[in-house]
Amino acid sequence: MSLYSYQILQLVVQQKSFSKAAELLHLSPSAISHAIGKLEEEFGFPLLIRSKKTVVLSEYGLQVYRYIQDILHSSEMLEKRVAQINGASIGIVKFGVIDSIAVNWLPNILKRFQETFPSIEIQIQENGYKKLIDDVISHALDIAIVSHSSIQHAKTPLQFIPLYEDRLVCLSPKEFVPENKTFLSADELNKLPLILPQDGNEADIKSYFQEQNLQPQACCTVISNTSLAAMVRCGFGHAISPDLTLRGIGSLEDLRIDPIVPFGFRTLGAITQNPKFLTPAVRHMLSCITHYVDTLHESS
């Protein structure tokens with residue numbers, strides 16, 4: 001059994017395809033198949049279930065795969081620790097963000113980081129709260145920016161570094177006028193048909209509802225923020241959204257945006273596994289993120 005065989009298996013599982021894994025590794029599909037077959041022979045049971053359209057882990061494969069991921073992660077940690085001892089600022093940072101951070105913060109964070117640490121490779125994943133949290137737990141990501149509400153029910157304890165209080169506002173059709181003219185009260189909010197996001201991104205809104213003891217009715221759920229704005233635009237309902245999310249949607253001149261009272265916020269922060277085992281590269285990225293957010297507070 002070799003680390004390279006484990007890496008091949010991991011890539012096949014991630015890509016759900018022998019041919020895609022072969023392309024990424026610059027190998028032939030038969031070489032990939034041979035490596036997996038040899039690994040299965042050594043283990044004594046099939047690791048993968050193959051079909052014409054996809055490849056998935058077998059029942060036994062699922063039982064051993066997380067241990068293989070841990071071995072690969074430990075190997076990467078060893079390599080980075082050796083590099084640190086030798087005084088080199090190198091390594092890889094696997095960084096996950098939600099879409100509003102990707103639009104509003106990420107370009108400046110990456111620019112500053114690469115100017116300071118040009119030898120550190122950055123791999124970016126944009127996704128919803130649930131997938132980002134799961135990937136940090138499984139070591140597929142080193143760090144992710146999510147909200148505090150979204151990790152409340154995480155199966156594995158995570159380090160959460162608070163970064164930013166992002167105000168919640170209400171998005172409504174242009175012709176809508178709140179009872180209080182300039183803001184929406186919690187009582188009025190409780191009566192409105194609401195459009196909610198999916199993929200765990202509704203955690204912040206549900207947290208606000210619980211804090212205010214509200215039980216509003218969701219008229220539908222959507223995946224993307226642009227879909228959410230489009231549904232509001234056609235008059236289907238209203239939407240509660242963080243301010244940063246709205247900044248990334250584009251022009252909203254044909255919609256109405258009102259504060260909600262009592263005020264609501266989502267607390268954005270960086271999550272990682274045990275801080276004792278963070279690589280130097282990840283520590284550098286955390287420092288760069290917190291410094292960037294500090295400049296936002298100073299300019300506001």
So do [Y] and [X] actually touch side chain to side chain, heavy atoms under 4.5 Å?
{"X": "Val136", "Y": "Thr156", "result": "no"}
{"X": "Ile205", "Y": "Leu194", "result": "no"}
{"X": "Val93", "Y": "Gln123", "result": "no"}
{"X": "Val13", "Y": "Tyr65", "result": "yes"}
{"X": "Leu132", "Y": "Ser150", "result": "no"}
{"X": "Leu158", "Y": "Ile133", "result": "yes"}
{"X": "Ile122", "Y": "Phe113", "result": "yes"}
{"X": "Thr290", "Y": "Leu286", "result": "no"}

Hydrophobic clustering (ILVMFWY, side-chain heavy atoms < 4.5 Å, transitive) - are [Y] and [X] grouped together?
{"X": "Ile137", "Y": "Ile161", "answer": "yes"}
{"X": "Ile49", "Y": "Leu47", "answer": "no"}
{"X": "Leu39", "Y": "Leu62", "answer": "yes"}
{"X": "Phe43", "Y": "Tyr67", "answer": "no"}
{"X": "Tyr4", "Y": "Val64", "answer": "yes"}

If you compare all heavy atoms of [X] against all heavy atoms of [Y], which two are closest, and at what distance to 0.1 Å?
{"X": "Ala270", "Y": "Leu163", "value": "N-CD1, 3.7 Å"}
{"X": "Gln212", "Y": "Pro262", "value": "OE1-CG, 3.3 Å"}
{"X": "Leu184", "Y": "Cys170", "value": "CD1-SG, 3.1 Å"}
{"X": "Phe160", "Y": "Leu268", "value": "CZ-C, 3.9 Å"}
{"X": "Val12", "Y": "Ala21", "value": "CG2-CB, 3.7 Å"}
{"X": "Gln159", "Y": "Gln273", "value": "CB-O, 4.0 Å"}

Taking atom types as modelled and ignoring hydrogens, do the side chains of [X] and [Y] form a donor-acceptor contact shorter than 3.5 angstrom?
{"X": "His73", "Y": "Gln69", "answer": "no"}
{"X": "Asp135", "Y": "Gln125", "answer": "yes"}
{"X": "Ser149", "Y": "Ser147", "answer": "no"}

Open item on the list: Applying side chain to side chain contact (heavy atoms under 4.5 Å, CB included) to Arg167 and Val169, what does each step give before you reach the verdict?
Closed with: CA-CA 7 Å; Arg167 185 181 65 159; Val169 295; 3.6 Å; yes
Hey, is [X] close enough to [Y] for a salt bridge, meaning N to O under 4.0 Å?
{"X": "Asp258", "Y": "Arg256", "value": "yes"}
{"X": "Glu76", "Y": "Lys94", "value": "yes"}
{"X": "Asp166", "Y": "Arg266", "value": "yes"}

Task: side chain to side chain contact (heavy atoms under 4.5 Å, CB included) evaluation trace for Asn180 with Ser185 - done: CA-CA 8 Å; Asn180 294 287; Ser185 68; 3.8 Å; yes
- [ ] Test Ile68 against Gln10 for side chain to side chain contact (heavy atoms under 4.5 Å, CB included), laying out the working first.
- [x] CA-CA 8 Å; Ile68 290 174; Gln10 184 182 57; 5.6 Å; no
When you look at [atom1] of [X], are more than 12 heavy atoms from neighbouring residues, nucleotides or ligands closer to it than 6.0 Å?
{"X": "Glu115", "atom1": "CD", "value": "yes"}
{"X": "Asp254", "atom1": "CG", "value": "yes"}
{"X": "Gln215", "atom1": "CD", "value": "no"}
{"X": "Phe263", "atom1": "CZ", "value": "no"}

Open item on the list: Measuring centre to centre across the rings, with the benzene-like ring taken for any Trp, is Phe176 within less than 6.0 Å of His238?
Closed with: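 Here the rings of His238 and Phe176 have centres that are less than 6.0 Å from each other.
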Rounded to the nearest 0.5 Å, what separates atom [atom1] in [X] from atom [atom2] in [Y]?
{"X": "Asn127", "Y": "Asp134", "atom1": "CG", "atom2": "CG", "result": "10.0 Å"}
{"X": "Phe18", "Y": "Leu11", "atom1": "CZ", "atom2": "CG", "result": "11.5 Å"}
{"X": "Thr267", "Y": "Ile151", "atom1": "OG1", "atom2": "CD1", "result": "10.5 Å"}
{"X": "Ile145", "Y": "Tyr129", "atom1": "CD1", "atom2": "OH", "result": "11.0 Å"}
{"X": "Cys288", "Y": "Phe95", "atom1": "SG", "atom2": "CZ", "result": "9.0 Å"}
{"X": "Arg112", "Y": "Ile289", "atom1": "CZ", "atom2": "CD1", "result": "12.0 Å"}

Task: Candidates Ile98, Val103, Asp99, Ile101 - the one meeting side chain to side chain contact (heavy atoms under 4.5 Å, CB included) with Leu244 - done: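 Exactly one pass, corresponding to Ile101.
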Taking the side chain from [X] and the backbone from [Y], do they hold a donor-acceptor pair closer than 3.5 Å?
{"X": "Asn274", "Y": "Lys276", "result": "yes"}
{"X": "Asn190", "Y": "Ala186", "result": "no"}
{"X": "Arg233", "Y": "Lys174", "result": "no"}
{"X": "Thr272", "Y": "Ile143", "result": "no"}
{"X": "Ser207", "Y": "Ala203", "result": "no"}

Task: With Glu179 via salt bridge (charged side-chain N to carboxylate O under 4.0 Å, His left out) - residues at least two apart - done: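 Testing Glu179 for salt bridge (charged side-chain N to carboxylate O under 4.0 Å, His left out), a comparison that skips the adjacent residues, returns Lys191.
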Open item on the list: Just to verify, what does Arg50 make a salt bridge (charged side-chain N to carboxylate O under 4.0 Å, His left out) with, not counting sequence neighbours?
Closed with: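 Partners of Arg50 under the salt bridge (charged side-chain N to carboxylate O under 4.0 Å, His left out) test: Glu40.
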- [ ] Might you work through the side chain to side chain donor-acceptor pair (under 3.5 Å) test for Ser2 and Ser5, ending with a clear yes or no?
- [x] CA-CA 5 Å; Ser2 68; Ser5 298; 3.0 Å; yes
- [ ] Look at the rings of Tyr164 and Trp105 and say which category their plane angle falls in: under 30° parallel, 30 to 60° tilted, over 60° perpendicular.
- [x]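 Rings of Tyr164 and Trp105: perpendicular, as their planes differ by over 60°.
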Open item on the list: Run the side chain to side chain contact (heavy atoms under 4.5 Å, CB included) test on Leu110 and Ile124 for me, step by step, so that the C-alpha distance in whole Å, both residues' side-chain angles and the decisive distance to 0.1 Å come before the verdict.
Closed with: CA-CA 10 Å; Leu110 294 183; Ile124 302 297; 4.0 Å; yes
